[in-house]
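Computed from a prediction, not measured in an experiment: that's the story for all the values here. Proteins get letters first, then strands, A, B, ... in listed order; numbering begins at 1 in each.
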There are 2 protein chains.
Amino acid sequence: MKTKEKTTTNALEILKHRYYKLEKHRLTLEEARINAEAARLIYKLRTEAKLSQKELADLIGTTQSVISRLEDDDYEGHSLGMLTKITAALHKKLHLVTESVS
Amino acid sequence: MKTKEKTTTNALEILKHRYYKLEKHRLTLEEARINAEAARLIYKLRTEAKLSQKELADLIGTTQSVISRLEDDDYEGHSLGMLTKITAALHKKLHLVTESVS
DNA sequence: ACAAAAGATAGCAATTTTGCGATAATTGAA
DNA sequence: TTCAATTATCGCAAAATTGCTATCTTTTGT
C-alpha cells in the first residue's frame with residue numbers, strides 16, 4: 001500500500017524549504033566557480049611553462065586526454081592529488097586559501 | 001622463455017634514474033604536505049565556527065565519520081568538491097594559490 | 001591547400017573516494 | 001568515577017575519478 005506523500009504544512013516549513021533551495025543553489029554556483037578556477041589554473045601553469053598537453057601529461061605520467069579534461073571549465077572531478085602532481089611537476093607549491101563571504 | 005632483464009648500462013641512464021627517484025620523492029612529500037594542509041584547513045574552519053564534526057556533517061549532508069576522516073593529516077582522498085561543500089557551508093570562498101619554488 | 005601538431009571528445013575498465021552504519025576510544029562536565 | 005558528547009576507526013557497497021585507447025576537430029606552419 002502506498003503511503004500518503006508528506007506535504008509542507010506551515011509557513012515555517014515553507015521558509016525552511018526555500019532557504020534550503022537557496023543554499024543548494026549557492027553551493028552549485030560555488031562548485032562551478034571552483035571547478036573553473038582549477039581548470040584555468042592548470043591551463044595557466046601549463047601555458048606559462050610553454051608545454052603542450054602531451055608534454056605535461058608525460059611529465060606527470062598520464063595522457064593528453066586527461067590534461068584536456070582537466071582544463072575543461074565544466075569538469076567536476078578535480079582532486080588535490082592531481083593538482084599537486086601538476087604543480088609539483090612545474091615546480092610550484094599549491095596552497096588552499098579561504099576568503100570570508102559577506 | 002623469459003627475456004633478460006633490461007639493465008641500466010651507462011652513466012647518463014644512471015643519472016636519469018637518480019633524478020627520477022628524486023622527483024618521485026619530492027612529489028610524495030608535496031602530496032603529504034597538501035593533504036595535511038587540507039586536513040588542517042577543515043579542522044580550523046570547523047572549530048572557528050564552533051561546530052562539532054556531527055554538526056558540520058549535517059550541514060553538508062554527510063556523516064561524522066566522514067568529517068573525522070577528512071581531518072586526518074594522512075588522508076589522501078581530498079577533492080575540490082568536498083572542500084567546496086565545506087567552505088561554502090561555512091560561508092567562505094575557496095581559492096587555489098600557487099607559489100614558485102626555487 | 002596540405003600535413004603535422006595540438007587539443008577535444010567518447011567509451012569503458014580499473015582504481016579510488018565517498019557514504020554510512022557500527023563500534024571503540026577519548027574528552028569533558030558533574 | 002560515571003555519564004554523555006565528541007571523535008576515531010573499521011568494513012563494505014555505491015558512486016565517482018582516473019587511465020587509456022581511439023578518433024575527431026582545430027590550429028599552426030610551409
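L83(B) is not listed as a side-chain neighbour of I34(A), based on a closest heavy-atom distance of 4.5 Å or more. Proximity of K85(A) to E31(B): side-chain heavy atoms (C-beta onward) are separated by under 4.5 Å at one or more points. Looking at heavy atoms from C-beta onward, L45(B) lies out of side-chain contact with I42(B) at the 4.5 angstrom threshold. You'll find the side chain of L59(B) stays beyond 4.5 Å of the side chain of I86(B), heavy atoms only.
Using a 4.0 Å cut-off on heavy atoms, the residues of residues 78-86 of chain A that approach DNA chain D are S79(A), M82(A), K85(A), listed by number. For residues 35-47 of chain A, proximity to DNA chain D is found at no residue, defined as any non-hydrogen atom under 4.0 angstrom from a strand atom. The stretch residues 48-63 of chain B comes close to DNA chain D through S52(B), Q53(B), each having a heavy atom under 4.0 Å from the strand.
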Protein-to-nucleotide contact annotation, 5' to 3' order, nucleotides 23-30 of chain C [B base; S sugar-phosphate only; - none; under 4.0 Å, heavy atom]: --------
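When the P atom of dC10(D) is taken as reference, atom CG of D72(B) falls 10 Å away, rounded to whole Å. When the P atom of dC20(D) is taken as reference, atom CD1 of I67(A) falls 12 Å away, rounded to whole Å. Between L70(B) atom CG and dT9(D) atom P the separation is 13 Å, expressed in whole Å.
In terms of hydrophobic clustering, with Ile, Leu, Val, Met, Phe, Trp and Tyr side chains grouped at heavy-atom distances under 4.5 Å, Y43(A) and L90(A) are assigned to different clusters.
Note on S68(B): a side-chain N or O is less than 4.0 Å away from OP1 or OP2 of dA8(D).
The distance from the CG atom of N35(B) to the CG atom of L70(B) is 11.0 Å, given to the nearest 0.5 Å.
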Is there any protein nitrogen or oxygen under 3.5 Å from a nitrogen or oxygen in nucleotides 10-12 of chain C, and what are the pairs?
none

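Residue E76(A) places its CD atom among 12 or fewer non-hydrogen atoms of other residues, nucleotides or ligands, all under 6.0 Å distant.
Each of H95(B), K92(B), K93(B) was evaluated against E99(A); a single residue qualifies, H95(B), per the side-chain hydrogen bond (donor to acceptor under 3.5 Å, both in side chains) test.
Sorted by first and then second residue, the salt bridge (charged side-chain N to carboxylate O under 4.0 Å, His left out) pairs involving residues 36-48 of chain B (not counting sequence neighbours) are R33(B)-E37(B), R40(B)-D73(B), K44(B)-E48(B), R46(B)-E71(B).
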